[in-house]
Each structure stands twice: as structure tokens, then as C-alpha cells.
Amino acid sequence: MQLLGFFGIIKESTKIIFTWRKIFSQITLALVLPLSFIILAYSQISDFLVEKIQHDQHALNHVKANSPKNNKLANLVTSDIIELCLSTVVYYVLVLIFSVLSTSTVVYTIACVYTSRCISFGRVMSVIPKVWKRLMITYLWSFLAVSIYIVSIIVTILICYLLSDLSHSPAIAVTLGFVLLILFLFGFVYISVILDLAGVISVLEDICGVQAMFKSKNLIKGKTGISIAINLLLAIGSMASHTVFRISMASGYGSGFLKSGVAVLCFLFLLQLSLFGLVAQTVIYFVCKSYHHENINKSALLLAEYVPLQADDVKLEKVDV
């Protein structure tokens with residue numbers, strides 16, 4: 001399995017989904033479908049609220065101060081901002097919950113596939129109470145890590161902009177901004193790969209949070225390029241789906257039937273992409289374990305009495321591509 005490359009991992013992930021389509025269909029309908037719906041629904045809700053805030057703010061700027069209409073519009077803007085903040089909080093909470101549920105079930109299902117364990121929807125779901133705390137901790141640390149990274153990049157860009165402004169050279173500012181953007185995107189994708197694999201590790205091993213992140217960083221060595229390429233493929237697919245969905249919903253052209261059709265297609269595409277992403281992340285984990293000649297404890301996969309996977313008992317089977 002250590003010989004699997006970019007196309008090999010894609011082929012293996014697709015093969016697993018189709019071979020075990022019954023259990024993955026059940027997981028998708030129960031967990032991945034609500035997650036995909038929440039993501040697309042929030043994009044519409046947030047767009048609507050942002051447009052409403054902009055409209056009310058524009059009207060407020062053209063009304064005499066301290067007038068009754070001014071006070072009314074000011075209250076509307078405040079109310080809209082509160083609605084946007086609350087909806088964002090609810091969105092992230094729901095995404096966190098369903099991400100934990102879908103990740104834990106998909107990851108453990110594939111672990112059972114590779115270790116020839118009996119799989120049923122009920123048994124897979126019974127694993128959730130044993131792993132959700134570790135996975136939740138890892139996701140919260142991941143959110144913190146991404147937030148710190150984004151803030152540090154923004155601060156760096158602002159400092160560089162101020163320095164270039166002092167030098168009175170627009171060319172330097174543009175060049176520096178472009179270089180920083182490339183570095184930011186590369187760094188963000190690399191961090192995403194580490195964090196995604198850390199989630200898989202949190203389900204299958206008895207570690208979580210920062211410890212899982214460091215384990216992930218070491219595990220992808222030798223397979224970093226392939227992992228980044230697959231992550232980029234998934235990110236591009238997700239962005240394309242969201243872009244088409246938003247454009248079709250915001251566009252004034254086309255009938256309601258056409259817009260509904262495009263929305264359904266985008267939803268189905270995102271649904272399949274989300275499932276494929278979870279499967280691919282787990283396959284990458286096993287590929288990396290095999291590459292580093294680490295073993296999997298097959299006896300740990302007794303679903304009736306769950307214990308995390310260890311790294312010292314049964315070798316992964318070789319998969320020829």
C-alpha cells in the first residue's frame with residue numbers, strides 16, 4: 001500500500017466507496033447530507049444578511065441624523081448584525097457536530113474494511129461515543145491553529161504594506177503582496193493536510209489535539225506532495241461548487257426551475273465530494289502508515305468493545321495499482 005500515488009489513492013478511495021456503497025450510503029444520508037445542506041444553506045443566509053446590512057447602512061447614510069427614520073434604520077442595522085453573528089455561531093456549532101460524527105464513522109468504517117472486520121451501520125455509530133471527545137478537541141485546536149495562522153499572515157501583510165509605503169515604491173508592494181499570497185496559500189494547504197490527517201489519527205489512535213497534529217506532521221513525510229495535491233483537488237472542487245451555487249442563486253437570469261436544478265446538482269456534487277474527501281483522508285493515513293512501516297493493531301477493532309488503534313501488531317495489506 002505504501003506504493004500508492006496520487007491516482008492510486010483516488011482509485012482506492014473510489015473503489016472502497018463503491019464496494020461498500022450500502023454502509024457509505026447510510027452514513028451519507030444520516031450525517032454527510034445534513035452537513036452539506038448546512039454549508040450551502042449558510043452561504044445563502046449569510047449572503048442575504050450581508051446584502052440586507054449593506055442596504056440598510058446605505059439608507060442610513062442618506063438620512064438626517066437623530067431623526068426617527070435614522071433611529072429606526074440604525075436599529076435595523078444592529079438587528080441585522082446580531083442575526084448574522086448568531087447564525088454564524090449556530091453554523092459553526094452545527095458544522096463542528098456533524099463533522100465529528102461523519103469523520104468518526106467514515107474513518108472507522110475504512111479501518112474495519114482494511115482489517116476485515118464485520119461492518120454494520122449500528123456498530124459504526126456505536127463508536128461515536130468513544131471517539132467524539134478526542135476528535136472534538138483536535139478540531140478545536142485546528143480552529144485555533146488556523147485562526148493564529150490567518151492573523152499572523154494579515155499582520156505580516158500590513159507590516160510589509162507599511163514598509164513598502166514608506167519606500168514609495170508601488171512595484172515593491174505588488175511584488176511582495178504576490179509572493180506573500182503564494183506563500184500563504186501554500187502554507188494554508190499544508191496546514192489543512194496536517195489538520196485533516198490529525199482528525200483521522202484522533203479517531204484511530206489514543207491521542208488528540210496538539211499531539212495528534214505533531215503525529216500527523218511526521219506521518220505525512222514522504223507523502224507530503226501527494227497529500228497536498230489531493231487536498232488541492234478537493235478544495236478546488238468545493239470552491240467550484242460553492243461558486244456555481246452562489247452565482248446561480250444570485251443571478252437574475254433563468255427560471256426558478258433552472259436555478260433549482262443547478263442548486264440540486266451543486267448540492268449532490270458537494271455531497272459526493274465531502275464523502276470522497278473523508279475516505280481519501282483515511283486512505284492517506286493508511287498509506288502513510290505503510291510507507292513508514294508502522295503496523296495496525298487488528299484486535300483493537302472489536303466494535304463491541306472499542307479501543308483505539310495502536311501501531312505495533314498487524315501489517316497493512318499491500319494494494320497493487
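Source: prediction; values computed, not measured. Computation of the quantities below employed the complete heavy-atom set of this structure, encompassing side-chain atoms and omitting hydrogens, waters and symmetry-equivalent molecules. Counting from 1, the numbers follow the sequence of the chain as shown.
For the atom pair CG (Leu140) and CG (Leu96), the distance works out to 5.5 Å, reported to the nearest 0.5 Å. Annotation: the span from Leu33 atom CG to Leu268 atom CG amounts to 8.5 Å, rounded to 0.5 Å. If you take CG on Leu273 and CG on Leu278, they are separated by 10.0 Å, rounding to the nearest 0.5 Å. Going from atom CZ of Phe267 over to atom CD of Gln272 covers 10.0 Å, rounded to the nearest 0.5 Å. Ile207 CD1 to Ile137 CD1: the interatomic distance, rounded to the nearest 0.5 Å, is 12.0 Å.
Looking at residues two or more places apart in sequence or on another chain, you find a side-chain contact (heavy atoms from CB on, under 4.5 Å) between Leu84 and Ser46, Leu49, Val50, Ile53, Ser87, Thr88. Residues satisfying the ring pair (Phe, Tyr, Trp, His ring centres under 6.0 Å) criterion with Phe143, sequence neighbours excluded, are absent altogether. Remark: Asn75 pairs with no residue by the side chain to side chain donor-acceptor pair (under 3.5 Å) rule, at least two apart or across chains. Contacts of Leu35 classified as side-chain contact (heavy atoms from CB on, under 4.5 Å), with partners at least two apart in sequence or in another chain: Ile39, Val95, Phe98, Ser99, Ser102. Residues satisfying the side chain to side chain donor-acceptor pair (under 3.5 Å) test with Thr282, not counting sequence neighbours, are none. Residues passing the side chain to side chain donor-acceptor pair (under 3.5 Å) test with Thr109: none are found, sequence neighbours excluded.
Side chains of Ile226 and Ile284 form no contact here, defined as non-hydrogen atoms less than 4.5 Å apart. Side-chain contact between Phe188 and Val146 is present, with heavy atoms from C-beta onward closer than 4.5 Å. Residues Tyr190 and Thr224 form a side-chain contact, since some pair of their non-hydrogen atoms from C-beta on lies under 4.5 Å apart. No side-chain heavy atom of Arg134 sits less than 4.5 Å from a side-chain heavy atom of Val203. Here the side chains of Ile97 and Trp132 are not in contact, with every heavy-atom distance at 4.5 Å or above. With contacts defined as side-chain heavy-atom distances shorter than 4.5 Å, the pair Leu158/Ile154 qualifies. Residues Gln281 and Leu197 fail the side-chain proximity criterion, which asks for heavy atoms closer than 4.5 Å.
Sorted pairs that involve residues 85-113 and meet salt bridge (charged side-chain N to carboxylate O under 4.0 Å, His left out), not counting sequence neighbours, are lacking altogether. Among residues at least two apart or in separate chains, there is no ring pair (Phe, Tyr, Trp, His ring centres under 6.0 Å) pair with a member in residues 207-245. Within the structure, ring pair (Phe, Tyr, Trp, His ring centres under 6.0 Å) contacts touching residues 30-57 (residues at least two apart or in different chains) are Tyr42-Tyr91. Residue pairs that meet the salt bridge (charged side-chain N to carboxylate O under 4.0 Å, His left out) test with at least one member in residues 73-98, sequence neighbours left out, are Lys52-Asp80. The side chain to side chain donor-acceptor pair (under 3.5 Å) pairs that include a residue from residues 17-31 number zero, where partners must be two or more places apart or lie in different chains.
Note on Leu275 and Leu265: separate hydrophobic clusters, where clusters join Ile, Leu, Val, Met, Phe, Trp and Tyr whose side-chain heavy atoms are under 4.5 Å apart, directly or indirectly. By the rule that hydrophobic residues join a cluster once side-chain heavy atoms approach within less than 4.5 Å of another member, Ile236 and Val244 end up as members of separate clusters. Both Ile153 and Ile150 sit in one connected hydrophobic cluster of ILVMFWY residues. Membership requires side-chain heavy atoms under 4.5 Å apart, directly or through other members. Clustering ILVMFWY residues whenever any of their side-chain heavy atoms sit less than 4.5 angstrom apart, transitively, puts Leu183 in a cluster other than the one holding Val151. Under a hydrophobic clustering in which Ile, Leu, Val, Met, Phe, Trp and Tyr are joined whenever their side-chain heavy atoms come within less than 4.5 Å, directly or via other members, Val193 and Met239 fall into different clusters.
No more than 12 heavy atoms of other residues, nucleotides or ligands sit less than 6.0 Å from atom OH of Tyr92.
A side chain to side chain contact (heavy atoms under 4.5 Å, CB included) with Val287 is found for one member of Ile220, Leu219, Ile9 and no other, namely Ile9. For the pairing with Val106, the side chain to side chain contact (heavy atoms under 4.5 Å, CB included) check across Ile16, Leu31, Ile27 returns one residue only, Ile27. Screening Leu204, Thr103, Val131 for a side chain to side chain contact (heavy atoms under 4.5 Å, CB included) with Tyr108, the sole residue that qualifies is Leu204.
For the residue pair Gly209 and Trp141, the shortest heavy atom distance occurs at CA-CD1, 3.7 Å. Annotation for Leu195 and Ser142: closest pair CD2-OG, 3.5 Å, computed over non-hydrogen atoms. Heavy-atom minimum distance, Ala280 versus Ile230: CB-CG2, 4.3 Å. Heavy-atom minimum distance, Lys223 versus Leu4: NZ-O, 3.2 Å.
Note: Phe184 and Tyr149 have parallel aromatic rings, judged against thresholds of 30 and 60 degrees for the angle between ring planes.
Side chain of Lys221 to backbone of His292: no donor-acceptor contact under 3.5 angstrom is found. In this structure, the side chain of Ser238 does not engage the main chain of Leu234 through any donor-acceptor pair within 3.5 Å. In this structure, the side chain of Thr78 engages the main chain of Ala74 through a donor-acceptor pair within 3.5 Å. Using a distance-only test at 3.5 Å, with no hydrogens or angles considered, no donor-acceptor pair links the side chain of Ser241 to the main chain of Gly237. Looking at Ser202, its side chain never comes within 3.5 Å of a backbone N or O of Leu135 through a donor-acceptor pair. Side-chain atoms of Ser126 come within 3.5 Å of backbone N or O of Arg123 as a donor-acceptor pair. A donor-acceptor contact shorter than 3.5 Å links the side chain of Ser104 to the backbone of Leu101.
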Show your working on side chain to side chain contact (heavy atoms under 4.5 Å, CB included) between Tyr285 and Glu205 and close with a plain yes or no. CA-CA 11 Å; Tyr285 167 83; Glu205 301 182 23; 2.5 Å; yes
Determine, step by step, whether Ile81 and Cys85 satisfy the side chain to side chain contact (heavy atoms under 4.5 Å, CB included) criterion, reporting the C-alpha distance in whole Å, the side-chain angles of both residues, the deciding distance to 0.1 Å, and the verdict. CA-CA 6 Å; Ile81 293 174; Cys85 292; 4.2 Å; yes
Would Ile110 and Phe24 count as a side chain to side chain contact (heavy atoms under 4.5 Å, CB included) if you check the C-alpha gap in whole Å, the side-chain angles of each, and the deciding distance to 0.1 Å? CA-CA 10 Å; Ile110 297 172; Phe24 282 116; 4.0 Å; yes
Candidate pair Leu40 and Ser36, rule side chain to side chain contact (heavy atoms under 4.5 Å, CB included), full reasoning: CA-CA 6 Å; Leu40 289 182; Ser36 301; 5.9 Å; no
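Under a 4.5 Å side-chain heavy-atom criterion applied to ILVMFWY residues, the cluster that includes Leu86 comprises Ile82 as well.
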